[in-house]
Amino acid sequence: MYKFYLRDDKLKYELNELIKMFLKPSEYQVLNPEDPLEPGDFSVSGAGEAADTAAEGDDLPDMVFRMSPDVTEKNEAKRRLYDWLAQRTGERPDWGTLTGVRPAKLAGDYLNRGADFEDLRRILSETYYLSQEKIDLVSEVCRVQRETVGPAPERSAGVYIGIPFCPTRCLYCSFTSNQAPPEKIGGYLEALHHEISYTADLMKRRDMRPESIYIGGGTPTTLSPQQLSELLDHVNRAFDMSGVREFTVEAGRPDTITRDKLLAIRDSGAQRISINPQTMKGSTLELIGRSHSPEQIVEAFSLAKDVGIPIINADLITGLPGEDTEDFRRTLDTIIGLSPENITVHTLAVKRASKLIELDADYHYNQGPVVREMLAVSREMMDRHGYRPYYMYRQKHMAGNFENVGYARPGTESIYNVRIMDENQSIVALGAGGISKMYFGRENRLERIPNVSNYEIYMERIEEMLERKEKGFI
Ligand code: SF4
């Protein structure tokens, strides 16, 4: 059992996150420096002084780390801990000491403050210990974003509208997703239409203009063609669409996609949909609780192309249960053959709210090596087929602590995805589980204005959701 004596200050959380990149929770304990050292602790350093001076090769089971009191600078403290852990475990996690979820935002901040790409590479290596591969990835993402999306216009916002319904619940799902009868869905849409009208008017009163609109979920295409068409019409009528550069509808589950729904999407002026195969292996689809076949995925793509949707994104997941690198390579090969404009390669995140974590609490630790191989395959294949990485983020509990990467053919990058990761624009989020974020540019910070996440409570308390926006929007 490893022991870490860490000061109880704001650094403690980040240091604990760093330890998790090397060790499973069952392998270590975090204690306060005020806690008395136990007799066994001294067997490591052989003395009562700070245990972080313990020599390489000491007995692993009794390893003890105590942060020296003179280390107060965050990055130095993290490097000390990283070096100590790397020496003992033999691991050097690719994301170095970075525990936050937005590496590209961190890199972008350095560039905005005047660093050039050469400086950036040096900083990522020396200050944060990123591997060369991750430095290449972050640098390329920043370069593509600068070339394509550019800075957010003043007073602009991304609008997110959530439809929290899906035909079935996926094994790894941690989102607001419900399987509801039609009358409940109808009631929800009534409340949502009300929120859309009110918020669109509020945005006009506060001089906020939508730059992008994203209808997500759940699965918006769970709605009937008529419900979808009415929703999209309502969005078009309610918001000031004059500054909207991008309109997306997530059509996630292929089994919910029909020609009528795709026509409703196209006729509303939306240019983008996302069809999310996750994998092309039938037995995995069944195992993870998706009620569709690989053939339905192919049909959905061909229908969308036939109807004339200009930009299609395909979401894939690395690290799914029972899959090896060859399964993933075959999936990617088939998807590239369907020629979507965007492909997003996710790393499976096993969150507390998912069914998967009940089956295997250490799943994300054990999947690290295979996910590393799959991500390497995706980088190579994406590059070979003319896709460039343009946004990326990390989440907690991701297999191997890796990342999600959005790839796009040049000129088809999604503004909404870039802005939401950059956190330099307000997000107006409508529907159950939506969390609006007001951006205060001068202070470079966001303030959250959440809606409740349960859709039935959202319907009951819709007036309160509107009041929160009235007070929170500036
Ligand atoms: S499609 Fe997405 S939101 Fe719906 S159950 Fe699956 S993971 Fe959850």
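First listed ligand is number 1; within each ligand, the first listed atom is number 1. Starting from 1, each residue takes its place in the sequence as its number.
Taking every heavy atom of R290 and a limit of under 4.0 angstrom, the matching atoms of ligand 1 come to 1 (S), 6 (Fe). Close approach to T168 involves these atoms of ligand 1, each under 4.0 Å from a residue heavy atom: 5 (S). In summary, the atoms of ligand 1 found under 4.0 Å from a heavy atom of G218, numbered by their order in the structure, are 3 (S). Near Y172, meaning under 4.0 Å from one of its heavy atoms, ligand 1 places the atoms 7 (S). Every atom of ligand 1 with a heavy atom of R169 under 4.0 Å away is listed here by number and element: 5 (S).
Residue contacts to atom 8 (Fe) of ligand 1: C166 brings no N, O or S atom closer than 2.8 Å. Backbone or side-chain N, O or S atoms of C170 reach atom 6 (Fe) of ligand 1 at under 2.8 Å.
Classification of K105 and D422 as a salt-bridged pair fails, no side-chain N sitting under 4.0 Å from a carboxylate O. Salt-bridge check for R468 with E464: passed, with a basic side-chain N closer than 4.0 Å to an acidic carboxylate O. Residues R379 and D136 are not paired through a salt bridge, judged by the lack of any N-O separation under 4.0 Å between the basic side chain and the carboxylate. A salt bridge links E456 with K184: the closest approach of a Lys/Arg side-chain nitrogen to an acidic carboxylate oxygen falls below 4.0 angstrom. E27 has no carboxylate O lying under 4.0 Å from a charged side-chain N of K20, or vice versa, which leaves the two without a salt bridge. Salt-bridge annotation for D333 and R329: absent, with no side-chain N of the basic residue lying under 4.0 Å from a carboxylate O of the acidic one.
Heavy atoms of N276 found under 4.0 angstrom from ligand 1: none, in either backbone or side chain.
When only modelled atom types and interatomic distance are considered, E195 and Y458 share a side-chain donor-acceptor pair under 3.5 Å.
In this structure, atom 8 (Fe) of ligand 1 lies nearest to the protein heavy atom C173 SG, 2.3 Å. For atom 2 (Fe) of ligand 1, the nearest non-hydrogen atom of the protein is F175 CD1, 4.3 Å.
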